[in-house]
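Presented below is the structure to which this report refers.
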Amino acid sequence: MNRDNKNGVFYEIYVNSFYDSDGDGHGDLNGITAQLDYLNTGDPVSKKDLQVDGIWLMPISPSPSYHKYDVIDYYSVDPDYGTLEDFHKLVSEAHERNMTVIIDLVINHTSIEHPWFKEASTSFNNRYRDYYVWADEDTDLNEKGPWGQQLWHKNPNGEGYYYGVFWYGMPDLNFENQEVREKVKEIGRFWLNQGADGFRLDAALHIFDEGTRKNIEWWNEFREAMREINPEVYLVGEVWDQPEVVAPYYQSLDSLFNFSLADVIVRSIKNNYDQGVVRTALSTEELYHPHNPSKIDAVFLTNHDQNRGMSEFASNLNKAKTAAAILLTLPGNPFIYYGEEIGMTGQKPDEFIREPFRWYEGEGEGQTTWRIPEYNTGHNGVSVEAQDEQKDSLLNHYREFVRLRQKHVELQKGDLTEIQVNNPHLIAYRRSYENNSLDMYHNISEQPMALSVEKKGRKFFLVIIELRLVKKQSYSPHIPLF
């Protein structure tokens, strides 16, 4: 089979929390390999997997922090996660299932413990000094960043102050230095040669903080270097800003996460009132398309930096199902955050939204224990074990809607048109491809809702309606009206 690196449903994995293959409490790469059948068996008629098309691995390189977004060695795997050989095995088995594997590439900054910074911080004359950004006599050391954070940090190993937009433990690399640019391209080439199909590009907005133009020039340079290794490399950027800021990055990258749309979806479902889901999807499409007609929107609900969706929905199962139905029927590549499909909860700080994945209601083989969970505990049905055979579970709802998407090319490639229903509790849209269309209706209220739909000519539509039957606690995920 020919693998399509750039299209499909992706599953985001925090490796540390997913599956522990060796009993040390930490999730690892071999654990993901052992559970690939949960994600995709490779059998298109199977009903026991999520059938996702690809996985995104959060950072896997050695790091002093639990989250690993401050790298100390770009050319190896963190020992808690395994080895390069384990990565090769995971990629090989994923590819056998026709799955794409992208990894987090964190190159806006390194760890303060990276050998480059250790060298750079010792002397003004060190060859690595210019790998980082240092204050000069005109620098305002009290300058604050976009969310009020300190930007300049005192050198722990000598004189001077260095720039770190996220945290003092993450000094920013100096991309004005061509040697740094070449080193970063070398890192990208290395991981493509290890079998990765592409990258989720962390903090793509912050490579040059003084403007968009330089960032885009850099990402163009990086993209061309990666295409020399793999012409089909998939590059997904994190540009967490307003759509007007995001749009130009499509000149360089295949996909960008649509934070604005995610926010509107979650708020709409949370408040039982459409905040403009289709309007936002269409307006971002209008902004993005001129920069790249081949662009692929990266749509999602929440990720590793945000409160979990089920917490936003106050553990309301119907709301979580509706969110999934909307996510998996909109244009673009849907990204599912691990645990979203079983209704895991969690709110800031970040450790609480990255808790161990719940395979079982209690202990069991492979369950990670790297931290004691604050949210996802007890026999509450939030586990694969509890939901696997339960026909109307959230897990099986996700399985069903991923398959629905894969069955209908309209949902994969179709255009989006809003259906006017004049009802703020209904989100309605049409997905059209060539001569076929699917009409989608989502009831985001807390009550059942009657709806009349006119059949036009000889054309048939599949209509999906989420119905709330509050007293009976039952749920009808989709009803073909014709």
Side-chain angles (χ1 to χ4, degrees), residues 16 58-76 78-80 104-187 201-215 218-219 222 238-241 245 304-305 348-354 371:
N16 204 20
M58 288 171 63
I60 61 174
S61 291
S63 165
S65 64
Y66 84 92
H67 51 70
K68 308 200 186 304
Y69 277 98
D70 47 341
V71 177
I72 59 174
D73 178 6
Y74 285 104
Y75 296 97
S76 63
D78 191 285
D80 283 340
D104 235 310
L105 192 66
V106 188
I107 50 85
N108 173 74
H109 49 265
T110 70
S111 168
I112 200 171
E113 297 182 24
H114 192 286
W116 294 344
F117 187 80
K118 285 186 172 181
E119 287 279 336
S121 61
T122 59
S123 166
F124 286 101
N125 299 318
N126 189 279
R127 63 161 292 197
Y128 291 104
R129 186 76 172 191
D130 196 44
Y131 273 39
Y132 297 89
V133 181
W134 297 88
D136 59 29
E137 62 273 10
D138 297 323
T139 300
D140 177 6
L141 297 177
N142 294 314
E143 180 186 4
K144 295 295 190 292
W147 49 90
Q149 80 277 26
Q150 190 69 29
L151 292 176
W152 296 97
H153 312 281
K154 192 175 188 322
N155 180 4
N157 301 316
E159 296 183 48
Y161 287 79
Y162 62 91
Y163 186 82
V165 71
F166 290 105
W167 176 51
Y168 76 85
M170 296 175 172
D172 279 35
L173 287 167
N174 176 19
F175 279 80
E176 297 284 6
N177 184 334
Q178 188 59 41
E179 190 172 336
V180 168
R181 296 157 84 105
E182 294 305 321
K183 289 285 187 182
V184 168
K185 288 185 282 188
E186 181 182 287
I187 292 164
L201 302 168
D202 182 64
L205 177 67
H206 296 285
I207 302 299
F208 295 96
D209 277 334
E210 55 267 35
T212 298
R213 181 183 60 80
K214 282 188 174 183
N215 285 328
W218 154 249
W219 289 121
F222 180 81
E238 181 204 26
V239 178
W240 195 340
D241 211 312
V245 176
H304 62 278
D305 287 323
K348 293 276 193 175
D350 287 346
E351 293 90 332
F352 296 161
I353 53 180
R354 304 169 186 176
R371 75 172 284 116

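For the pair V71/S111, no side-chain contact is recorded, criterion being any heavy-atom separation below 4.5 Å from C-beta on. When side chains are defined from C-beta on, D78 does not count as touching I60, because their heavy atoms never get closer than 4.5 Å. The side-chain heavy atoms of F222 and I107, taken from C-beta on, include no pair separated by under 4.5 Å. The side-chain heavy atoms of E186 and E182, taken from C-beta on, include no pair separated by under 4.5 Å. Using a 4.5 Å heavy-atom threshold, the side chains of E176 and F208 count as touching.
Salt-bridge annotation for R354 and D305: present, with a side-chain N of the basic residue lying under 4.0 Å from a carboxylate O of the acidic one. Using a 4.0 Å cut-off between charged side-chain N and carboxylate O, D350 and K348 make a salt bridge.
Considering all non-hydrogen atoms of both residues, E113 and K118 come closest at O-CE, 3.5 Å. When all heavy atoms are compared, the tightest approach of I187 to Y75 is CG1-OH, 3.4 Å.
Between T139 and D136, the side chains place a donor N or O and an acceptor N or O closer than 3.5 Å (distance only, hydrogens not considered). A donor-acceptor contact closer than 3.5 angstrom links the side chains of D130 and N174.
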side-chain contact (heavy atoms from CB on, under 4.5 Å) evaluation trace for W116 with K183: CA-CA 11 Å; W116 294 344; K183 289 285 187 182; 3.9 Å; yes
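With hydrogens and angles disregarded, a donor-acceptor distance shorter than 3.5 Å links the side chain of W134 to the backbone of R129. For W219 (side chain) and A204 (main-chain N/O), a donor-acceptor pair under 3.5 Å exists by modelled atom type. For the pair Y132 (side chain) and H109 (backbone), a donor-acceptor distance under 3.5 Å is absent. Using a distance-only test at 3.5 Å, with no hydrogens or angles considered, a donor-acceptor pair links the side chain of S63 to the main chain of D70.
Relative ring orientation between F166 and H206 is described as perpendicular, the plane-to-plane angle rising above 60° on a 0-90° scale split at 30° and 60°. Ring geometry, H67 versus Y69: the interplanar angle falls from 30° to 60°, so the pair is classed tilted.
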Scan the side chains in residues 144-151 for donor-acceptor partners under 3.5 Å anywhere in the protein, sequence neighbours excluded, and list what turns up.
{"unit_1": "K144", "atom_1": "NZ", "unit_2": "N142", "atom_2": "O", "d": "3.2"}
{"unit_1": "K144", "atom_1": "NZ", "unit_2": "Q150", "atom_2": "OE1", "d": "3.3"}
{"unit_1": "W147", "atom_1": "NE1", "unit_2": "Q149", "atom_2": "OE1", "d": "3.4"}
{"unit_1": "Q149", "atom_1": "OE1", "unit_2": "W147", "atom_2": "N", "d": "3.1"}
{"unit_1": "Q149", "atom_1": "NE2", "unit_2": "V165", "atom_2": "O", "d": "2.8"}
{"unit_1": "Q150", "atom_1": "NE2", "unit_2": "L141", "atom_2": "O", "d": "2.7"}

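The environment of K185 atom NZ is dense: over 12 non-hydrogen atoms of other residues, nucleotides or ligands sit within 6.0 angstrom. Other residues, nucleotides and ligands contribute only 12 or fewer heavy atoms inside 6.0 Å of the CD atom of E159. The number of heavy atoms from other shown groups lying within 6.0 Å of CZ (F352) is above 12.
Annotation: side-chain contact (heavy atoms from CB on, under 4.5 Å) contacts of P115 (sequence neighbours excluded): none.
For the atom pair CG (L105) and OG (S61), the distance works out to 8.5 Å, reported to the nearest 0.5 Å. For the atom pair E351 CD and R371 CZ, the distance stands at 5.5 Å (nearest 0.5 Å). Expressed to the nearest 0.5 Å, how far CG of N157 lies from CG of N126 amounts to 11.0 Å. For the atom pair N16 CG and Y66 OH, the distance stands at 9.5 Å (nearest 0.5 Å). Rounding to the nearest 0.5 angstrom, the gap separating the CD1 atom in I112 from the CE atom in M170 is 11.0 Å. Summarising the geometry, atom CD1 belonging to I207 is positioned 8.0 Å from atom CG belonging to L173; distances are rounded to the nearest 0.5 Å.
With respect to F117, the ring pair (Phe, Tyr, Trp, His ring centres under 6.0 Å) criterion is satisfied by exactly one of Y162, Y131, Y163, Y128: Y162.
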